[in-house]
Amino acid sequence: MKKKLLPLLALFLCFLFTGCDEEAPNFDYNRDAMVSQSKNLVDQCYNLTDLEKDYVLSDGEDYMKDLVNGLQQTENTDKVGKLVGYDTSGDSVSITNSSDGTVICSVIAKFENRDARINITYKENKAYRIQKEGIRNQLVQAGYDPDEYARMNGYPSVESFLDEYIKQYVGLQPYIPTECEVTAVYSTSELLVNGAKNMGVGMGVVFLVLIFIAFIISLLKFVPRLFGQGEKKTAKQAAQPAQGEKPVLPQPPVITASVPAVGEEVQDTELIAVITAALHAYLSEADTVSHPPAYTASNDGLVVRSIRRVK
């Protein structure tokens with residue numbers, strides 16, 4: 001019994017540790033700060049002029065190229081319209097860990113005609129964290145309590161104060177974007193309709209191609225006539241009657257020979273001469289095409305090569 005329980009226990013532990021690894025964050029992040037940075041990044045790329053977009057697409061960062069291309073594609077292909085805001089409520093925002101140590105922040109951008117989901121991959125900005133710790137230490141060295149100093153300046157916590165201070169005066173972001181992806185959001189019914197349309201178009205194209213191939217194959221029988229090969233017939237084909245016509249067979253010649261009376265003796269030489277003359281007359285009057293000269297076969301396939309007396 002123990003031998004059977006050990007593999008099950010090991011499998012359960014593997015699933016347990018795997019789930020723990022997926023839930024553990026790759027680095028410490030603030031959900032609101034990451035969502036805010038994502039929205040600012042989308043607004044920045046969306047409000048670029050045509051000249052600025054050309055510069056970004058040619059010499060910009062990779063994540064900027066991905067975001068500008070994605071926004072242009074959804075606008076031209078999916079006809080989403082103008083950007084009007086963001087949906088950050090409930091399940092509209094999701095933050096998940098990636099296998100390479102990054103974090104993917106997914107937000108819903110609301111357009112006039114259709115929503116779009118924007119996924120931005122971030123990695124930790126260690127320079128931002130170092131700068132944050134340095135400002136905190138400077139406040140302590142100056143004799144200020146960081147939390148009290150933040151409340152004195154109208155911030156609910158020292159973390160929010162440090163974040164705002166670094167963004168305005170240092171120009172650093174807490175997270176570094178590496179990849180961006182923009183996809184239009186379609187309902188289930190729309191996906192089913194689009195799938196049916198694509199399937200219908202694909203099947204229609206396949207059937208049209210098959211019909212065209214069958215038509216081309218049907219024309220191949222006329223190819224020999226184009227090169228003058230259809231009128232050439234062999235002598236054997238010319239001699240054969242057309243379809244529906246009865247073949248005309250040569251009439252056998254009338255052989256007249258004197259029949260000896262009963263009891264009259266017949267010489268062998270005379271009998272041989274009579275038979276030979278009859279065969280020669282029959283074969284000579286046959287068609288030269290179907291019955292060539294000499295001792296060829298007759299219509300019934302009979303070939304006479306020699307005549308001898310049988311005892």
Side-chain angles (χ1 to χ4, degrees), residues 17-49 52-53 55-56 59-68 71 83 85-109 117-182:
F17 291 148
T18 303
C20 292
D21 291 338
E22 291 179 355
E23 294 178 358
N26 292 328
F27 55 85
D28 294 333
Y29 61 84
N30 186 294
R31 181 181 183 276
D32 295 335
M34 185 172 288
V35 172
S36 177
Q37 183 175 344
S38 299
K39 294 191 296 184
N40 293 334
L41 185 60
V42 174
D43 290 335
Q44 179 184 353
C45 292
Y46 182 79
N47 295 322
L48 292 176
T49 62
E52 291 173 341
K53 290 180 180 178
Y55 171 77
V56 169
D59 300 326
E61 299 289 339
D62 292 338
Y63 72 92
M64 293 285 287
K65 293 180 181 179
D66 296 339
L67 188 53
V68 171
L71 292 174
L83 180 65
Y86 300 92
D87 185 5
T88 58
S89 60
D91 298 333
S92 300
V93 176
S94 62
I95 299 178
T96 56
N97 294 323
S98 181
S99 59
D100 56 354
T102 58
V103 174
I104 301 175
C105 179
S106 178
V107 297
I108 295 294
R117 179 169 291 278
I118 301 175
N119 299 327
I120 303 178
T121 304
Y122 293 99
K123 67 179 182 180
E124 185 181 10
N125 189 357
K126 296 181 179 180
Y128 182 89
R129 188 177 60 182
I130 294 173
Q131 188 72 26
K132 199 173 185 178
E133 292 296 328
I135 296 174
R136 188 193 300 271
N137 294 332
Q138 290 178 3
L139 290 175
V140 174
Q141 292 176 2
Y144 293 101
D145 182 11
D147 295 330
E148 184 66 24
Y149 187 84
R151 287 192 293 269
M152 289 173 56
N153 288 274
Y155 293 95
S157 63
V158 65
E159 296 295 331
S160 60
F161 166 73
L162 293 176
D163 291 335
E164 188 67 24
Y165 182 86
I166 293 173
K167 290 178 183 178
Q168 290 184 1
Y169 299 102
V170 182
L172 292 178
Q173 294 290 341
Y175 317 108
I176 300 175
T178 58
E179 296 178 3
C180 294
E181 182 183 4
V182 182

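We count residues from 1, following the sequence as given. No hydrogens, no waters, no symmetry mates; every other heavy atom, side chains included, goes into these values.
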[X]: which residues meet the side-chain hydrogen bond (donor to acceptor under 3.5 Å, both in side chains) condition with it, sequence neighbours left out?
X    : result
D100 : S98, T102
E124 : R129
S92  : D87

Legend entry - Crowding at CD, E52 (>12 non-hydrogen neighbours, <6.0 Å):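 Atom CD in E52 is packed in, count exceeds 12.
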Legend entry - K123, NZ atom: more than 12 neighbouring heavy atoms under 6.0 Å: no
Nearest 0.5 Å please: distance from the [atom1] atom of [X] over to the [atom2] atom of [Y].
X   : Y    : atom1 : atom2 : result
S94 : R31  : OG    : CZ    : 9.0 Å
D43 : L48  : CG    : CG    : 11.0 Å
K65 : C180 : NZ    : SG    : 13.0 Å
D66 : I118 : CG    : CD1   : 12.5 Å
L41 : I120 : CG    : CD1   : 4.5 Å

Considering only distance and modelled atom types, tabulate donor-acceptor pairs under 3.5 Å from the side chains of residues 137-152, sequence neighbours left out.
| unit_1 | atom_1 | unit_2 | atom_2 | d |
| --- | --- | --- | --- | --- |
| N137 | ND2 | E133 | O | 3.1 |
| E148 | OE1 | R151 | NH2 | 3.0 |

Just list the side-chain donor-acceptor pairs under 3.5 Å for residues 169-179, sequence neighbours left out, or say none.
| unit_1 | atom_1 | unit_2 | atom_2 | d |
| --- | --- | --- | --- | --- |
| Y175 | OH | N30 | N | 2.6 |
| T178 | OG1 | T121 | O | 3.3 |

Per-pair distances, 0.1 Å, donor-acceptor, side chain in residues 155-164, under 3.5 Å, sequence neighbours excluded:
| unit_1 | atom_1 | unit_2 | atom_2 | d |
| --- | --- | --- | --- | --- |
| S157 | OG | S160 | N | 3.4 |
| S157 | OG | S160 | OG | 3.4 |
| E159 | OE1 | K132 | NZ | 2.4 |
| E159 | OE2 | R136 | NH2 | 2.7 |
| S160 | OG | S157 | N | 3.4 |
| S160 | OG | S157 | O | 2.8 |
| D163 | OD1 | Y128 | OH | 2.5 |
| D163 | OD1 | K132 | NZ | 3.1 |
| E164 | OE2 | Q168 | NE2 | 2.6 |

Inset, instruction - Check for a donor-acceptor pair, side chain of Y46 on one end and backbone N or O of L83 on the other, with a separation under 3.5 Å. - result: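 Confirmed, Y46 side chain pairs with L83 backbone.
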Legend entry - Which atom of L67 lies closest to which atom of V42, heavy atoms considered: CD2-CA, 4.1 Å
